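Lettering of chains follows the sequences in order, A, B, ..., and the numbering in each one begins at 1. For clarity, every value in this text was computed on a predicted model and none was experimentally measured.
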2 protein chains.
Amino acid sequence: MSHILKDVIKNISIDCVIFGFENSVLEVLLVKRAIKPAKERWALPGGFIKKDELIDVAAQRILKETTGLDNIYLEEFKIFDKVDRYPLRRVFTLGHYALVKPEQYVLSTGVDTSEAKWFKLDELPELPFDHLEIIQEAMEKLRARIRYRPIGFELLPEKFTLPQLQTLYEVIIGKKLDKRNFRKKLMKMNLVKKLKEKDKNSTRRPAYLYRFDKRTYEKLKKNGFNFEL
Amino acid sequence: MSHILKDVIKNISIDCVIFGFENSVLEVLLVKRAIKPAKERWALPGGFIKKDELIDVAAQRILKETTGLDNIYLEEFKIFDKVDRYPLRRVFTLGHYALVKPEQYVLSTGVDTSEAKWFKLDELPELPFDHLEIIQEAMEKLRARIRYRPIGFELLPEKFTLPQLQTLYEVIIGKKLDKRNFRKKLMKMNLVKKLKEKDKNSTRRPAYLYRFDKRTYEKLKKNGFNFEL
DNA sequence: AAATAAAAGTGTATTTTTTACACCTAATTA
DNA sequence: TAATTAGGTGTAAAAAATACACTTTTATTT
């Protein structure tokens, strides 16, 4: 977005919590703000909705304009409405989140941002406004939703190993899982297909690579899902 | 609310879908609008948020001012953002729903409404704006949530029978359930307590009355719930 | 007062799902 | 080539979900 407020609705903004997963750690994408308030500070990618723009469209546009991430499916998860959460005036912000594969995207910046960077979830800088709370709430939603939607998969590269997938689940849910039961459950869904190749980056015994079965994936995404662990 | 727009945020409104359950039928509470636009037409209770008011507070206030229902817990379920959903200007509306026991409340009206009345879900009048869509979405959320939250219970009177409770579930979920399995599952939760009394209104063999166990109810409400049927 | 009609109430056997659990295998590195 | 490390695999027991039919209680009708 531009920092000119003429064409936007001044009371409603969008903030994006973009999760990535790399080296077995969850990360969040932050931007360095080039505009006031909180100029020069790291914060969530965000901006205002244009007067005749749908929320979904605005969310995608704002994410692209601030971080360069294009065509990312964002999901709204909560409205933040504290009266003084934004210093200049009353602004409601619509919290959105998305899951992406960090290595697949090149970050860039726009008029409102001077830098975009991944931060590990447990190494976040000090954040302005209520952005820390927004991240925490997003994390909670992610934790809840991963149990009944196949979203974990959007965080992994095209080809991945089962230990990778399991670690992702363990990181999000926050507990260790049984290897055999995890695989059993996964296999019953026909969601993944084993490939002939093995993981080349491994320094020990390499794991087989898998890929998602697109058909099953789309079907599960539509009809819901049950992946209690 | 008052129809004076000075103290409110003009771009964000709240609309309330209030569900009731009577005679085995789901009902929705509508109000006759006393103000433009859509003056004299039945619509959802709704209004604008004040400049320094939290969403929850606004929702309760608006519901009270338009229908007389006081102290009802409302749950936000979706933002409606179509650009032309409201004829006068761009207004986002925050859809809320609640479940109430109709016989427990006396309806009244305020400055903006001239009447408030329960309508059966399949006998709704023509509604202005996107209010029909809002009701349909609320219904869908209700259907989804009843499976893992003890919300069905908020629609029933203090004392209720198991056939009543089962009918409620059947109406919301939209399919017949097995009586024995329904009861078995219910009993395992320790959520209801059998009373010595029987239902006096019955014209056939009367069913035993039950009451919710407050403790278990609060616990399940907090920790979630699994009531797949 | 007896017969009838209508809804309430109750239990078991089968299948499916979930859980707990330990050893062998393949590849790298010392 | 031996040692180390992570990957991979199956089964038995427990718990949960499902399918299913007859008896009981009460009000109403005859």
Side-chain angles (χ1 to χ4, degrees), chain A residues 23-25 146-148 150 156-157 159-171 173-211 220 223-229, chain B residues 21 23-25 146-148 150 156-157 159-171 173-211 216 220 223-229:
Chain A
N23 305 121
S24 301
V25 180
I146 202 172
R147 284 162 188 276
Y148 54 91
L156 291 174
K159 300 172 181 183
F160 55 90
T161 68
L162 295 190
Q164 256 181 305
L165 179 60
Q166 184 173 341
T167 303
L168 171 60
Y169 268 82
E170 289 175 342
V171 166
I173 292 177
K175 71 175 188 200
K176 277 277 173 191
L177 300 172
D178 181 279
K179 215 191 320 183
R180 283 177 286 193
N181 294 340
F182 180 84
R183 287 168 185 231
K184 204 188 301 172
K185 191 142 195 182
L186 188 66
M187 290 314 162
K188 213 170 50 191
M189 294 194 276
N190 297 316
L191 182 54
V192 298
K193 267 208 300 243
K194 193 175 189 172
L195 305 177
K196 292 264 154 61
E197 317 162 58
K198 295 181 177 183
D199 181 19
K200 299 226 166 67
N201 306 324
S202 164
T203 161
R204 286 291 162 197
R205 172 179 179 179
Y208 277 98
L209 288 168
Y210 286 73
R211 158 179 302 165
L220 289 178
N223 302 345
F225 190 69
N226 191 331
F227 206 64
E228 291 278 347
L229 304 156
Chain B
F21 185 67
N23 304 121
S24 301
V25 179
I146 203 173
R147 284 160 187 275
Y148 53 90
L156 291 173
K159 300 171 181 182
F160 56 89
T161 68
L162 296 191
Q164 257 182 304
L165 179 61
Q166 185 174 338
T167 304
L168 171 61
Y169 268 81
E170 289 175 341
V171 167
I173 293 178
K175 72 174 186 198
K176 277 276 171 193
L177 300 171
D178 181 280
K179 216 193 316 185
R180 283 176 286 193
N181 293 342
F182 180 85
R183 286 166 186 232
K184 204 188 300 171
K185 190 141 193 182
L186 189 65
M187 292 313 163
K188 212 170 49 192
M189 294 194 276
N190 298 317
L191 182 54
V192 297
K193 269 209 299 239
K194 192 177 189 172
L195 305 177
K196 292 263 155 61
E197 318 162 57
K198 294 179 178 183
D199 181 19
K200 298 225 168 67
N201 305 324
S202 165
T203 161
R204 288 288 162 196
R205 171 178 180 181
Y208 276 99
L209 288 167
Y210 286 73
R211 159 179 301 163
T216 315
L220 289 179
N223 303 346
F225 188 73
N226 192 330
F227 205 63
E228 291 279 347
L229 302 158

S.K.: Please state how far atom NZ in B/Lys185 lies from atom P in D/dA15, giving the value in whole angstrom units.
M.R.: 17 Å
S.K.: Measure from CG on B/Leu186 to C1' on D/dA16 and round the result to the nearest Å.
M.R.: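 Taking atom C1' of D/dA16 as the reference, CG of B/Leu186 is at 16 Å.
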S.K.: My understanding is that only residues two or more places apart in sequence, or in another chain, count here; which of them pass side-chain contact (heavy atoms from CB on, under 4.5 Å) with A/Val171?
M.R.: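 For A/Val171, the residues satisfying side-chain contact (heavy atoms from CB on, under 4.5 Å) (neighbours in sequence not counted) are A/Phe21, A/Leu26, A/Thr167.
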S.K.: Rounded to whole Å, how long is the line connecting atom CG of B/Leu165 with atom P of C/dG9?
M.R.: 12 Å
S.K.: What is the distance from CG of B/Leu209 to P of C/dA8, rounded to the nearest Å?
M.R.: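 These atoms are roughly 12 Å apart.
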S.K.: Roughly how far, to the nearest 0.5 Å, is the CG atom of A/Leu186 from the CD atom of A/Gln166?
M.R.: 9.5 Å
S.K.: Keeping the roles fixed (side chain from B/Thr216, backbone from B/Asn190), state whether a donor-acceptor pair exists under 3.5 Å.
M.R.: yes
S.K.: Can you work out whether B/Thr161 or B/Asp178 has the more 5'-proximal nearest nucleotide on DNA chain C?
M.R.: B/Thr161
S.K.: When all nucleic acid strands are considered with a 4.0 Å heavy-atom cut-off, which category describes B/Lys188: base, sugar-phosphate, or nothing?
M.R.: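 The answer is sugar-phosphate, as B/Lys188 gets under 4.0 Å only of primed atoms, P, OP1 or OP2.
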S.K.: Please report the distance, rounded to the nearest Å, between CE in B/Met187 and C1' in C/dG11.
M.R.: 14 Å
S.K.: What's the CD-C1' distance between B/Gln164 and C/dG9, to the nearest Å?
M.R.: 16 Å
S.K.: Could you give the CZ-to-P distance, from A/Phe182 to C/dT19, as a whole number of Å?
M.R.: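 After rounding, the gap between these two atoms is 14 Å.
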S.K.: Salt bridge (charged side-chain N to carboxylate O under 4.0 Å, His left out) with A/Glu170: which of A/Lys176, A/Lys179, A/Lys175?
M.R.: A/Lys176
S.K.: Mind listing the closest non-hydrogen atom pair of B/Arg211 and B/Lys159 along with its distance?
M.R.: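 In this case the closest contact between B/Arg211 and B/Lys159 is NH2-CE, 3.1 Å.
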S.K.: Nearest whole angstrom, please: distance from the P of D/dT18 to the NZ of B/Lys176.
M.R.: 18 Å
S.K.: Could you work out which one of D/dC20, C/dG9, D/dT9 sits closest to the side chain of B/Lys179?
M.R.: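 Of the options given, the side chain of B/Lys179 lies nearest C/dG9.
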S.K.: Does A/Arg180 make a side-chain donor-acceptor contact with the base of C/dA22, cut-off 3.5 Å?
M.R.: yes
S.K.: Ignoring hydrogens and angles, does a donor from either the side chain of A/Lys184 or the base of C/dT19 sit under 3.5 Å from an acceptor on the other?
M.R.: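 Side chain to base: pair found, below 3.5 Å.
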S.K.: What parts of residues 193-206 of chain B reach DNA chain D, counting only heavy atoms under 4.0 Å away?
M.R.: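 Of all residues in residues 193-206 of chain B, the ones placing a heavy atom under 4.0 Å from DNA chain D are B/Lys198, B/Thr203, B/Arg204, B/Arg205, B/Pro206.
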S.K.: If the condition is side-chain contact (heavy atoms from CB on, under 4.5 Å), which residues does B/Lys184 pass it with, not counting sequence neighbours?
M.R.: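 Checked B/Lys184 against side-chain contact (heavy atoms from CB on, under 4.5 Å); matches are B/Asn181.
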S.K.: Rounded to the nearest 0.5 Å, how far does NZ of B/Lys194 lie from CG of B/Leu162?
M.R.: 8.0 Å
S.K.: Looking only at the side chain of A/Arg183 (C-beta and beyond, no hydrogens), which of the listed nucleotides D/dA17, D/dT9, D/dG10 gets closest?
M.R.: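 Looking only at side-chain atoms, A/Arg183 lies closest to D/dT9.
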